[in-house]
Asks: 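Quick one: the structure is below, questions incoming.
Letters A, B, ... mirror the listed sequences (proteins, then strands); counts begin at 1.
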Protein chains: 2
Amino acid sequence: MFHKVLIAEDHESSNVSVRKTLEDAGIALCDYTYYCDDALQRAQKAFLTHEPYELLITDLSFEEDHRKQNIQNGVDLIAEIRKIQPHIKVLVFSVESKVSIIHQLFQDLDIDAYVRKARRDVEELKKALEALSKGNKYMPFALKQAVKTQNTYEFSEYDIILLTQLSQGMLQKDIPYYLEKNGYKPAGLSSVEKRLNLMRETLGCSKNEQLIAFCKDLGII
Amino acid sequence: MFHKVLIAEDHESSNVSVRKTLEDAGIALCDYTYYCDDALQRAQKAFLTHEPYELLITDLSFEEDHRKQNIQNGVDLIAEIRKIQPHIKVLVFSVESKVSIIHQLFQDLDIDAYVRKARRDVEELKKALEALSKGNKYMPFALKQAVKTQNTYEFSEYDIILLTQLSQGMLQKDIPYYLEKNGYKPAGLSSVEKRLNLMRETLGCSKNEQLIAFCKDLGII
DNA sequence: TTCTTCTTTACGGTTTCCCGTAAAAACAGC
DNA sequence: GCTGTTTTTACGGGAAACCGTAAAGAAGAA
(Lines give C-alpha, C1' and ligand atoms only; values in the text may rest on other atoms or scores of the structure.)
Protein backbone atom coordinates (compact mmCIF):
# COMPACT_ATOMS: atom_id res chain seq x y z
CA MET A 1 0.00 0.00 0.00
CA PHE A 2 1.05 3.62 -0.45
CA HIS A 3 2.82 5.60 2.21
CA LYS A 4 2.57 9.17 1.03
CA VAL A 5 -0.38 10.56 -0.86
CA LEU A 6 -1.38 14.04 -2.04
CA ILE A 7 -4.98 15.10 -2.47
CA ALA A 8 -6.13 18.00 -4.60
CA GLU A 9 -9.87 18.52 -4.28
CA ASP A 10 -11.68 21.79 -3.84
CA HIS A 11 -14.91 20.48 -2.33
CA GLU A 12 -14.28 20.19 1.36
CA SER A 13 -16.81 17.39 1.75
CA SER A 14 -15.16 15.26 -0.92
CA ASN A 15 -11.75 16.11 0.42
CA VAL A 16 -12.72 14.88 3.86
CA SER A 17 -14.11 11.65 2.50
CA VAL A 18 -11.04 10.87 0.48
CA ARG A 19 -8.87 11.49 3.50
CA LYS A 20 -11.02 9.23 5.63
CA THR A 21 -10.89 6.53 3.01
CA LEU A 22 -7.11 6.68 2.89
CA GLU A 23 -6.96 6.61 6.64
CA ASP A 24 -9.16 3.52 6.72
CA ALA A 25 -6.86 1.93 4.18
CA GLY A 26 -3.97 2.43 6.57
CA ILE A 27 -2.27 5.30 4.77
CA ALA A 28 -0.96 7.57 7.46
CA LEU A 29 0.85 10.21 5.53
CA CYS A 30 -1.63 12.05 3.41
CA ASP A 31 -1.59 15.75 2.62
CA TYR A 32 -4.49 17.64 1.14
CA THR A 33 -5.09 20.93 -0.62
CA TYR A 34 -8.10 22.80 -1.94
CA TYR A 35 -6.21 24.51 -4.74
CA CYS A 36 -4.12 23.24 -7.66
CA ASP A 37 -1.32 25.69 -7.07
CA ASP A 38 -0.94 24.51 -3.49
CA ALA A 39 -0.82 20.93 -4.66
CA LEU A 40 1.93 21.65 -7.16
CA GLN A 41 3.93 23.51 -4.55
CA ARG A 42 3.69 20.63 -2.11
CA ALA A 43 4.65 18.14 -4.76
CA GLN A 44 7.68 20.23 -5.71
CA LYS A 45 8.81 20.59 -2.14
CA ALA A 46 8.35 16.91 -1.38
CA PHE A 47 10.28 15.97 -4.47
CA LEU A 48 13.16 18.31 -3.70
CA THR A 49 13.48 16.97 -0.15
CA HIS A 50 13.65 13.47 -1.54
CA GLU A 51 10.36 12.49 0.07
CA PRO A 52 8.15 12.51 -3.00
CA TYR A 53 4.49 11.60 -3.03
CA GLU A 54 3.75 8.20 -4.46
CA LEU A 55 0.19 9.00 -5.47
CA LEU A 56 -1.80 12.06 -6.48
CA ILE A 57 -5.57 12.02 -6.08
CA THR A 58 -7.15 14.93 -7.87
CA ASP A 59 -10.45 16.31 -9.04
CA LEU A 60 -10.81 17.62 -12.58
CA SER A 61 -12.69 20.88 -12.12
CA PHE A 62 -11.75 23.46 -9.57
CA GLU A 63 -13.95 26.40 -8.94
CA GLU A 64 -12.58 29.90 -9.14
CA ASP A 65 -12.73 32.13 -6.13
CA HIS A 66 -10.92 35.15 -4.70
CA ARG A 67 -7.54 33.38 -4.83
CA LYS A 68 -6.14 33.70 -8.31
CA GLN A 69 -4.67 30.41 -9.49
CA ASN A 70 -2.17 29.64 -12.20
CA ILE A 71 -3.43 26.12 -12.58
CA GLN A 72 -7.18 25.97 -12.78
CA ASN A 73 -8.01 22.35 -13.42
CA GLY A 74 -6.92 18.82 -12.74
CA VAL A 75 -5.62 18.12 -16.21
CA ASP A 76 -3.13 20.98 -16.05
CA LEU A 77 -2.19 20.04 -12.51
CA ILE A 78 -1.36 16.49 -13.53
CA ALA A 79 0.73 17.72 -16.44
CA GLU A 80 2.68 20.13 -14.23
CA ILE A 81 3.38 17.60 -11.51
CA ARG A 82 4.40 15.01 -14.06
CA LYS A 83 6.95 17.48 -15.40
CA ILE A 84 8.90 17.30 -12.18
CA GLN A 85 7.95 13.77 -11.19
CA PRO A 86 7.03 11.80 -14.29
CA HIS A 87 6.31 8.52 -12.60
CA ILE A 88 3.96 9.61 -9.86
CA LYS A 89 0.76 7.59 -9.89
CA VAL A 90 -2.40 9.55 -10.54
CA LEU A 91 -5.96 8.79 -9.52
CA VAL A 92 -8.63 11.12 -10.87
CA PHE A 93 -11.76 11.52 -8.75
CA SER A 94 -14.44 13.49 -10.51
CA VAL A 95 -18.10 13.66 -11.46
CA GLU A 96 -17.25 13.53 -15.15
CA SER A 97 -19.13 10.70 -16.82
CA LYS A 98 -18.39 11.18 -20.50
CA VAL A 99 -16.48 8.18 -21.69
CA SER A 100 -14.60 10.10 -24.33
CA ILE A 101 -13.20 12.52 -21.78
CA ILE A 102 -12.21 9.81 -19.32
CA HIS A 103 -10.66 7.83 -22.10
CA GLN A 104 -8.54 10.81 -23.04
CA LEU A 105 -7.21 11.00 -19.50
CA PHE A 106 -5.84 7.50 -19.75
CA GLN A 107 -4.59 8.00 -23.26
CA ASP A 108 -3.09 11.48 -23.21
CA LEU A 109 -2.12 11.90 -19.55
CA ASP A 110 -1.55 8.25 -18.83
CA ILE A 111 -3.40 8.41 -15.54
CA ASP A 112 -3.52 5.26 -13.46
CA ALA A 113 -7.06 5.23 -12.16
CA TYR A 114 -10.39 6.95 -12.56
CA VAL A 115 -13.13 6.91 -9.94
CA ARG A 116 -16.37 8.68 -10.63
CA LYS A 117 -18.14 10.52 -7.84
CA ALA A 118 -21.27 8.45 -7.62
CA ARG A 119 -23.26 6.11 -5.48
CA ARG A 120 -20.53 3.69 -4.50
CA ASP A 121 -17.57 5.97 -4.90
CA VAL A 122 -15.88 5.31 -1.56
CA GLU A 123 -16.01 1.60 -2.22
CA GLU A 124 -14.54 2.23 -5.62
CA LEU A 125 -11.81 4.40 -4.19
CA LYS A 126 -10.74 1.52 -1.99
CA LYS A 127 -10.70 -0.87 -4.90
CA ALA A 128 -8.71 1.58 -6.94
CA LEU A 129 -6.14 2.02 -4.20
CA GLU A 130 -5.88 -1.73 -3.95
CA ALA A 131 -5.31 -2.08 -7.66
CA LEU A 132 -2.80 0.77 -7.81
CA SER A 133 -0.75 -0.55 -4.93
CA LYS A 134 -0.38 -3.77 -6.84
CA GLY A 135 0.87 -1.87 -9.82
CA ASN A 136 -2.34 -2.21 -11.82
CA LYS A 137 -4.50 0.42 -13.45
CA TYR A 138 -8.09 0.97 -12.44
CA MET A 139 -10.62 1.99 -15.04
CA PRO A 140 -13.87 0.57 -13.79
CA PHE A 141 -17.23 1.48 -15.22
CA ALA A 142 -15.62 3.50 -17.99
CA LEU A 143 -16.06 1.09 -20.82
CA LYS A 144 -18.68 -1.18 -19.30
CA GLN A 145 -21.45 1.26 -18.64
CA ALA A 146 -21.47 3.11 -21.91
CA VAL A 147 -22.95 6.44 -21.04
CA LYS A 148 -26.50 7.04 -22.10
CA THR A 149 -27.58 8.46 -25.43
CA GLN A 150 -26.05 8.16 -28.85
CA ASN A 151 -23.72 11.04 -28.29
CA THR A 152 -21.33 9.76 -30.87
CA TYR A 153 -21.14 13.07 -32.67
CA GLU A 154 -17.78 14.74 -32.27
CA PHE A 155 -18.18 18.47 -31.93
CA SER A 156 -15.38 20.34 -33.61
CA GLU A 157 -14.15 23.73 -32.53
CA TYR A 158 -15.93 25.08 -35.57
CA ASP A 159 -19.23 23.55 -34.50
CA ILE A 160 -18.93 25.04 -31.06
CA ILE A 161 -18.27 28.47 -32.50
CA LEU A 162 -21.43 28.26 -34.56
CA LEU A 163 -23.49 27.05 -31.61
CA THR A 164 -22.06 29.66 -29.31
CA GLN A 165 -22.78 32.50 -31.70
CA LEU A 166 -26.31 31.30 -32.26
CA SER A 167 -26.91 30.96 -28.55
CA GLN A 168 -25.73 34.51 -28.09
CA GLY A 169 -28.27 35.83 -30.52
CA MET A 170 -26.24 36.28 -33.68
CA LEU A 171 -28.26 35.94 -36.85
CA GLN A 172 -27.31 33.02 -39.02
CA LYS A 173 -26.82 35.29 -41.98
CA ASP A 174 -24.34 37.39 -40.03
CA ILE A 175 -22.17 34.48 -39.01
CA PRO A 176 -20.12 34.41 -42.25
CA TYR A 177 -18.93 37.94 -41.57
CA TYR A 178 -17.96 36.95 -38.03
CA LEU A 179 -16.13 33.86 -39.21
CA GLU A 180 -14.16 35.72 -41.81
CA LYS A 181 -13.22 38.49 -39.41
CA ASN A 182 -11.84 35.92 -36.98
CA GLY A 183 -10.11 33.82 -39.57
CA TYR A 184 -12.26 30.72 -39.34
CA LYS A 185 -12.89 28.60 -42.40
CA PRO A 186 -15.13 27.84 -44.15
CA ALA A 187 -16.90 31.14 -43.84
CA GLY A 188 -19.65 30.92 -46.46
CA LEU A 189 -23.26 31.05 -45.41
CA SER A 190 -23.94 27.81 -47.20
CA SER A 191 -21.21 26.11 -45.24
CA VAL A 192 -22.69 27.37 -42.02
CA GLU A 193 -26.08 26.13 -43.03
CA LYS A 194 -24.72 22.80 -44.12
CA ARG A 195 -22.83 22.31 -40.88
CA LEU A 196 -25.84 23.17 -38.75
CA ASN A 197 -27.94 20.88 -40.87
CA LEU A 198 -25.50 18.05 -40.30
CA MET A 199 -25.56 18.57 -36.57
CA ARG A 200 -29.32 18.64 -36.46
CA GLU A 201 -29.54 15.57 -38.67
CA THR A 202 -27.03 13.59 -36.64
CA LEU A 203 -28.50 14.46 -33.28
CA GLY A 204 -32.11 14.13 -34.37
CA CYS A 205 -32.98 17.77 -33.88
CA SER A 206 -35.52 19.39 -36.14
CA LYS A 207 -34.78 22.98 -35.19
CA ASN A 208 -31.94 25.13 -33.98
CA GLU A 209 -33.75 25.74 -30.72
CA GLN A 210 -33.71 22.03 -30.04
CA LEU A 211 -30.06 21.78 -30.98
CA ILE A 212 -29.12 24.58 -28.61
CA ALA A 213 -31.10 22.97 -25.80
CA PHE A 214 -29.42 19.65 -26.45
CA CYS A 215 -25.94 21.11 -26.41
CA LYS A 216 -26.70 23.09 -23.30
CA ASP A 217 -27.64 19.84 -21.61
CA LEU A 218 -24.41 18.25 -22.73
CA GLY A 219 -22.49 21.20 -21.40
CA ILE A 220 -20.86 21.89 -24.72
CA ILE A 221 -21.84 25.53 -24.74
CA MET B 1 -29.10 21.08 18.43
CA PHE B 2 -30.96 18.32 16.63
CA HIS B 3 -31.27 14.82 18.00
CA LYS B 4 -32.50 12.79 15.07
CA VAL B 5 -31.52 13.47 11.48
CA LEU B 6 -32.14 11.68 8.20
CA ILE B 7 -29.73 11.88 5.29
CA ALA B 8 -30.64 11.12 1.67
CA GLU B 9 -27.60 11.35 -0.57
CA ASP B 10 -26.60 8.94 -3.28
CA HIS B 11 -22.90 9.76 -3.48
CA GLU B 12 -21.26 7.68 -0.84
CA SER B 13 -18.42 10.16 -0.38
CA SER B 14 -20.78 13.04 0.28
CA ASN B 15 -22.92 10.85 2.48
CA VAL B 16 -19.93 9.97 4.62
CA SER B 17 -18.90 13.59 4.98
CA VAL B 18 -22.33 14.73 6.03
CA ARG B 19 -22.46 11.98 8.63
CA LYS B 20 -19.08 12.95 9.95
CA THR B 21 -20.10 16.59 10.14
CA LEU B 22 -23.20 15.71 12.12
CA GLU B 23 -21.18 13.53 14.39
CA ASP B 24 -18.74 16.36 15.04
CA ALA B 25 -21.68 18.59 15.82
CA GLY B 26 -22.73 16.16 18.51
CA ILE B 27 -25.70 14.63 16.75
CA ALA B 28 -25.68 10.99 17.70
CA LEU B 29 -28.79 9.68 16.05
CA CYS B 30 -28.40 10.04 12.35
CA ASP B 31 -29.67 7.63 9.72
CA TYR B 32 -28.61 7.67 6.12
CA THR B 33 -29.84 6.29 2.82
CA TYR B 34 -28.59 6.27 -0.76
CA TYR B 35 -32.06 6.20 -2.31
CA CYS B 36 -35.09 8.44 -2.04
CA ASP B 37 -37.52 5.58 -1.55
CA ASP B 38 -35.53 4.31 1.40
CA ALA B 39 -35.52 7.75 2.92
CA LEU B 40 -39.28 8.08 2.62
CA GLN B 41 -39.78 4.66 4.14
CA ARG B 42 -37.60 5.52 7.12
CA ALA B 43 -39.34 8.81 7.64
CA GLN B 44 -42.71 7.09 7.57
CA LYS B 45 -41.67 4.45 10.04
CA ALA B 46 -40.09 6.97 12.39
CA PHE B 47 -43.19 9.10 12.26
CA LEU B 48 -45.54 6.20 12.98
CA THR B 49 -43.51 5.08 15.97
CA HIS B 50 -43.66 8.61 17.33
CA GLU B 51 -39.95 9.09 16.96
CA PRO B 52 -39.92 11.38 13.94
CA TYR B 53 -36.83 12.90 12.38
CA GLU B 54 -36.33 16.53 13.15
CA LEU B 55 -34.25 17.28 10.10
CA LEU B 56 -33.89 15.94 6.58
CA ILE B 57 -30.66 16.54 4.72
CA THR B 58 -31.03 15.67 1.06
CA ASP B 59 -29.37 16.00 -2.30
CA LEU B 60 -31.36 17.15 -5.31
CA SER B 61 -30.32 14.77 -8.04
CA PHE B 62 -30.16 11.04 -7.59
CA GLU B 63 -28.69 8.86 -10.25
CA GLU B 64 -30.63 5.97 -11.66
CA ASP B 65 -29.29 2.49 -11.33
CA HIS B 66 -30.53 -1.09 -11.24
CA ARG B 67 -32.92 -0.35 -8.38
CA LYS B 68 -36.09 1.15 -9.77
CA GLN B 69 -37.23 4.07 -7.65
CA ASN B 70 -40.60 5.73 -7.32
CA ILE B 71 -39.06 8.97 -6.17
CA GLN B 72 -36.15 10.02 -8.31
CA ASN B 73 -35.08 13.40 -7.01
CA GLY B 74 -34.80 15.48 -3.90
CA VAL B 75 -37.65 17.80 -4.73
CA ASP B 76 -40.17 14.97 -4.91
CA LEU B 77 -38.71 13.39 -1.81
CA ILE B 78 -39.18 16.57 0.18
CA ALA B 79 -42.75 16.88 -1.03
CA GLU B 80 -43.56 13.29 -0.09
CA ILE B 81 -42.04 13.50 3.37
CA ARG B 82 -43.75 16.79 4.03
CA LYS B 83 -47.06 15.12 3.23
CA ILE B 84 -46.74 12.93 6.28
CA GLN B 85 -44.67 15.30 8.39
CA PRO B 86 -45.30 18.86 7.26
CA HIS B 87 -43.06 20.59 9.76
CA ILE B 88 -39.88 18.60 9.35
CA LYS B 89 -36.91 20.87 8.73
CA VAL B 90 -35.18 20.42 5.40
CA LEU B 91 -31.61 21.18 4.42
CA VAL B 92 -30.74 20.72 0.75
CA PHE B 93 -27.13 19.83 -0.02
CA SER B 94 -26.41 19.89 -3.72
CA VAL B 95 -24.07 21.10 -6.42
CA GLU B 96 -26.80 23.18 -7.99
CA SER B 97 -25.65 26.76 -8.32
CA LYS B 98 -28.43 28.37 -10.32
CA VAL B 99 -29.97 31.04 -8.21
CA SER B 100 -33.40 30.68 -9.72
CA ILE B 101 -33.59 27.01 -8.85
CA ILE B 102 -32.38 27.47 -5.30
CA HIS B 103 -34.76 30.33 -4.88
CA GLN B 104 -37.65 28.14 -5.97
CA LEU B 105 -36.74 25.62 -3.29
CA PHE B 106 -37.20 28.22 -0.61
CA GLN B 107 -40.30 29.66 -2.19
CA ASP B 108 -42.22 26.61 -3.36
CA LEU B 109 -41.02 23.90 -0.99
CA ASP B 110 -40.27 26.19 1.92
CA ILE B 111 -36.98 24.48 2.67
CA ASP B 112 -35.04 25.74 5.64
CA ALA B 113 -31.48 25.72 4.40
CA TYR B 114 -29.40 25.33 1.27
CA VAL B 115 -25.75 24.42 1.24
CA ARG B 116 -23.92 24.12 -2.05
CA LYS B 117 -21.33 21.43 -2.53
CA ALA B 118 -18.26 23.59 -2.96
CA ARG B 119 -14.97 24.57 -1.48
CA ARG B 120 -16.10 25.32 2.06
CA ASP B 121 -19.15 23.13 2.16
CA VAL B 122 -18.45 21.31 5.42
CA GLU B 123 -17.94 24.62 7.15
CA GLU B 124 -21.20 25.82 5.66
CA LEU B 125 -23.00 22.69 6.76
CA LYS B 126 -21.98 23.39 10.32
CA LYS B 127 -23.17 26.97 10.11
CA ALA B 128 -26.43 25.84 8.60
CA LEU B 129 -27.01 23.31 11.37
CA GLU B 130 -26.29 26.02 13.88
CA ALA B 131 -28.79 28.36 12.28
CA LEU B 132 -31.46 25.71 11.94
CA SER B 133 -31.19 24.57 15.52
CA LYS B 134 -31.88 28.14 16.55
CA GLY B 135 -34.98 28.17 14.41
CA ASN B 136 -33.47 30.29 11.65
CA LYS B 137 -33.20 29.67 7.96
CA TYR B 138 -29.88 29.40 6.18
CA MET B 139 -29.46 30.95 2.77
CA PRO B 140 -26.26 31.18 0.83
CA PHE B 141 -24.95 34.70 0.73
CA ALA B 142 -25.10 34.88 -3.02
CA LEU B 143 -28.79 34.11 -2.95
CA LYS B 144 -29.71 36.88 -0.55
CA GLN B 145 -28.00 39.34 -2.83
CA ALA B 146 -29.47 37.92 -5.94
CA VAL B 147 -33.02 37.91 -4.72
CA LYS B 148 -33.13 41.62 -5.21
CA THR B 149 -31.26 41.92 -8.45
CA GLN B 150 -32.86 38.88 -10.01
CA ASN B 151 -34.54 39.47 -13.31
CA THR B 152 -38.02 40.63 -12.59
CA TYR B 153 -39.52 38.53 -15.31
CA GLU B 154 -41.78 35.85 -13.92
CA PHE B 155 -42.01 32.80 -16.10
CA SER B 156 -45.56 31.52 -16.16
CA GLU B 157 -46.51 27.92 -16.71
CA TYR B 158 -47.59 29.01 -20.16
CA ASP B 159 -44.18 30.46 -20.92
CA ILE B 160 -42.47 27.30 -19.88
CA ILE B 161 -44.73 25.23 -22.10
CA LEU B 162 -43.79 27.37 -25.07
CA LEU B 163 -40.09 27.19 -24.29
CA THR B 164 -40.24 23.48 -23.68
CA GLN B 165 -41.97 22.76 -26.95
CA LEU B 166 -39.54 24.92 -28.86
CA SER B 167 -36.59 23.25 -27.18
CA GLN B 168 -38.00 19.90 -28.19
CA GLY B 169 -38.12 20.85 -31.82
CA MET B 170 -41.75 21.79 -32.34
CA LEU B 171 -42.31 24.36 -35.05
CA GLN B 172 -43.71 27.63 -33.85
CA LYS B 173 -46.56 27.39 -36.29
CA ASP B 174 -47.55 24.00 -34.89
CA ILE B 175 -47.73 25.16 -31.30
CA PRO B 176 -51.31 26.52 -31.53
CA TYR B 177 -52.55 23.04 -32.40
CA TYR B 178 -50.66 21.59 -29.47
CA LEU B 179 -51.98 24.21 -27.08
CA GLU B 180 -55.55 23.71 -28.16
CA LYS B 181 -55.29 19.95 -27.90
CA ASN B 182 -54.06 20.24 -24.35
CA GLY B 183 -56.49 22.89 -23.30
CA TYR B 184 -54.05 25.75 -22.84
CA LYS B 185 -55.12 29.29 -23.58
CA PRO B 186 -54.53 31.44 -25.45
CA ALA B 187 -53.88 29.14 -28.36
CA GLY B 188 -53.61 31.52 -31.30
CA LEU B 189 -50.37 31.74 -33.23
CA SER B 190 -50.29 35.47 -32.70
CA SER B 191 -50.54 34.99 -28.98
CA VAL B 192 -47.65 32.57 -29.07
CA GLU B 193 -45.62 35.00 -31.12
CA LYS B 194 -46.48 37.88 -28.86
CA ARG B 195 -45.55 35.96 -25.75
CA LEU B 196 -42.22 34.85 -27.17
CA ASN B 197 -41.59 38.37 -28.31
CA LEU B 198 -42.23 39.66 -24.81
CA MET B 199 -39.84 37.17 -23.31
CA ARG B 200 -37.11 38.01 -25.78
CA GLU B 201 -37.67 41.72 -25.27
CA THR B 202 -37.63 41.51 -21.49
CA LEU B 203 -34.58 39.29 -21.29
CA GLY B 204 -32.66 41.07 -24.02
CA CYS B 205 -32.58 38.17 -26.41
CA SER B 206 -32.65 38.80 -30.12
CA LYS B 207 -33.44 35.26 -31.21
CA ASN B 208 -35.17 32.17 -29.96
CA GLU B 209 -31.90 30.31 -29.85
CA GLN B 210 -30.56 32.84 -27.39
CA LEU B 211 -33.71 32.65 -25.34
CA ILE B 212 -33.49 28.89 -25.10
CA ALA B 213 -29.85 29.06 -24.09
CA PHE B 214 -30.66 31.65 -21.47
CA CYS B 215 -33.46 29.61 -19.95
CA LYS B 216 -31.34 26.49 -19.99
CA ASP B 217 -28.76 28.34 -17.97
CA LEU B 218 -31.42 29.44 -15.54
CA GLY B 219 -32.60 25.86 -15.26
CA ILE B 220 -36.14 26.76 -16.23
CA ILE B 221 -36.31 24.15 -18.93
C1' DT C 1 0.50 20.16 -66.52
C1' DT C 2 -4.39 17.74 -66.52
C1' DC C 3 -7.76 15.10 -64.44
C1' DT C 4 -10.25 13.66 -60.49
C1' DT C 5 -12.27 14.34 -56.18
C1' DC C 6 -13.70 16.81 -52.44
C1' DT C 7 -14.83 21.18 -50.31
C1' DT C 8 -16.71 25.55 -50.43
C1' DT C 9 -19.63 29.03 -52.28
C1' DA C 10 -23.43 31.10 -54.95
C1' DC C 11 -28.15 31.22 -56.18
C1' DG C 12 -33.22 30.49 -56.32
C1' DG C 13 -37.48 28.70 -54.52
C1' DT C 14 -40.05 27.54 -50.54
C1' DT C 15 -41.14 27.60 -45.77
C1' DT C 16 -41.09 29.56 -41.46
C1' DC C 17 -40.65 33.32 -38.58
C1' DC C 18 -41.16 38.16 -37.24
C1' DC C 19 -43.89 42.23 -36.55
C1' DG C 20 -47.38 45.60 -37.20
C1' DT C 21 -52.21 46.51 -37.74
C1' DA C 22 -56.90 45.65 -37.35
C1' DA C 23 -60.85 42.89 -36.44
C1' DA C 24 -63.14 39.86 -33.17
C1' DA C 25 -64.08 38.15 -28.77
C1' DA C 26 -64.15 38.36 -23.74
C1' DC C 27 -64.79 41.06 -19.76
C1' DA C 28 -65.79 44.77 -16.66
C1' DG C 29 -68.61 48.52 -14.88
C1' DC C 30 -72.71 51.14 -15.27
C1' DG D 1 -79.18 46.40 -22.35
C1' DC D 2 -74.68 49.65 -23.73
C1' DT D 3 -69.83 51.30 -23.54
C1' DG D 4 -65.04 51.16 -22.84
C1' DT D 5 -61.07 48.25 -21.97
C1' DT D 6 -58.38 44.31 -22.45
C1' DT D 7 -57.28 40.02 -24.49
C1' DT D 8 -57.15 37.10 -28.28
C1' DT D 9 -57.14 36.14 -33.07
C1' DA D 10 -56.64 36.98 -38.12
C1' DC D 11 -54.10 38.69 -41.86
C1' DG D 12 -50.28 40.39 -44.76
C1' DG D 13 -45.79 42.16 -45.97
C1' DG D 14 -41.02 41.50 -45.37
C1' DA D 15 -36.95 39.20 -43.31
C1' DA D 16 -34.63 35.13 -42.16
C1' DA D 17 -33.95 30.41 -42.38
C1' DC D 18 -34.13 26.11 -44.92
C1' DC D 19 -32.94 23.10 -48.77
C1' DG D 20 -31.57 21.51 -53.12
C1' DT D 21 -28.63 22.19 -57.05
C1' DA D 22 -24.98 23.78 -59.60
C1' DA D 23 -20.85 26.44 -60.19
C1' DA D 24 -16.32 27.66 -58.44
C1' DG D 25 -12.33 26.61 -55.99
C1' DA D 26 -8.73 23.77 -53.58
C1' DA D 27 -6.02 19.61 -53.00
C1' DG D 28 -3.99 15.47 -54.56
C1' DA D 29 -2.32 12.02 -57.89
C1' DA D 30 -0.79 10.60 -62.29
Asks: Starting from P on D:dC19, measure out to CG on A:Leu198 and report it in whole angstrom.
Replies: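 Taking atom P of D:dC19 as the reference, CG of A:Leu198 is at 12 Å.
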Asks: Rounded to the Å, how far apart are A:Tyr177 OH and C:dT9 P?
Replies: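 It works out to 17 Å between those atoms.
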Asks: Any side-chain N or O of A:Lys207 below 4.0 angstrom from OP1/OP2 of C:dC17?
Replies: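 Checking C:dC17 against A:Lys207, a side-chain N or O does come within under 4.0 Å of OP1 or OP2.
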Asks: Using heavy-atom distances to pick each residue's nearest nucleotide on DNA chain D, tell me which of B:Pro186 and A:Leu189 is more 5'.
Replies: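 The residue mapped nearer the 5' terminus is B:Pro186.
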Asks: Can you figure out which of C:dT8, C:dC19, D:dT9 approaches the side chain of B:Asn197 most closely?
Replies: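 From the listed options, C:dC19 comes nearest.
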Asks: Within this structure, what is the NZ-to-C1' distance between A:Lys173 and D:dG14, rounded to whole angstrom?
Replies: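 Roughly 13 Å, once rounded to whole Å.
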Asks: Looking at D:dC19, does its base get a donor-acceptor pair with the side chain of A:Glu193 below 3.5 Å?
Replies: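 Flag set: donor-acceptor pair detected.
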Asks: Could you tell me whether B:Asp38 and B:Arg67 make a salt bridge, using a distance below 4.0 angstrom between a side-chain N and a carboxylate O?
Replies: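 Yes, B:Asp38 and B:Arg67 are salt-bridged.
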Asks: Could you walk me through whether A:Lys127 and A:Glu124 pass the salt bridge (Lys or Arg N to Asp or Glu O under 4.0 Å) test, one step at a time?
Replies: CA-CA 5 Å; A:Lys127 282 191 210 164; A:Glu124 281 222 58; over 6 Å; no
Asks: Closer than 3.5 angstrom, by distance alone: can the side chain of B:Asp37 be matched with the main-chain N or O of B:Gln69 as a donor-acceptor pair?
Replies: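 No; judged by distance alone, with no hydrogens or angles, the pair does not exist.
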Asks: At 4.0 Å (heavy atoms only), tell me whether B:Gln172 reaches a base, stays on the sugar-phosphate, or touches nothing.
Replies: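 Sugar-phosphate: the residue B:Gln172, judged by heavy atoms under 4.0 Å, touches backbone atoms but no base.
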Asks: May I ask you to say what A:Leu171 touches in the nucleic acid, namely base, sugar-phosphate or nothing, with a heavy-atom cut-off under 4.0 Å?
Replies: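 Answer is sugar-phosphate: A:Leu171 comes under 4.0 Å of backbone atoms only.
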Asks: If I take atom CG in residue B:Asn208 and atom P in nucleotide D:dA15, what distance separates them, rounded to the nearest angstrom?
Replies: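 Going from B:Asn208 (CG) to D:dA15 (P), I get 19 Å.
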Asks: Tell me whether the OP1 or OP2 atom of D:dT9 has a side-chain N or O from B:Ser191 closer than 4.0 Å.
Replies: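 Result: yes.
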Asks: Does the cation-pi check pass for A:Arg119 over B:Phe62, that is, NZ or CZ under 6.0 Å from the six-membered ring centre and within 45° of its axis?
Replies: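 Checked: cation-pi criterion not met.
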Asks: Taking NZ from B:Lys194 and P from C:dC19, how many angstroms apart are they, rounded to a whole number?
Replies: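 Atom NZ in B:Lys194 sits about 13 Å away from atom P in C:dC19.
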Asks: Compute both the distance and the angle, then confirm whether A:Arg42 meets the cation-pi test with A:Tyr32: under 6.0 Å from the six-membered ring centre, within 45 degrees of the axis.
Replies: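 Ring-cation test returns no.
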Asks: Just the rounded figure in Å: distance from C1' of C:dG20 to CD of B:Glu201.
Replies: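 Taking atom C1' of C:dG20 as the reference, CD of B:Glu201 is at 14 Å.
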Asks: Expressed as a whole number of angstroms, how long is the span from A:Ile175:CD1 to D:dA17:P?
Replies: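 Those two atoms, CD1 and P, are 8 Å apart.
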Asks: Rounded to the nearest angstrom, tell me the gap between atom OH in A:Tyr158 and atom C1' in C:dT7.
Replies: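 Rounded to the whole Å, the gap is 12 Å.
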Asks: Report the nucleotide, chosen from D:dC18, D:dT8, C:dC17, that has the shortest atom-to-atom distance to any side-chain atom of A:Arg200.
Replies: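 So the side chain of A:Arg200 is nearest to D:dC18.
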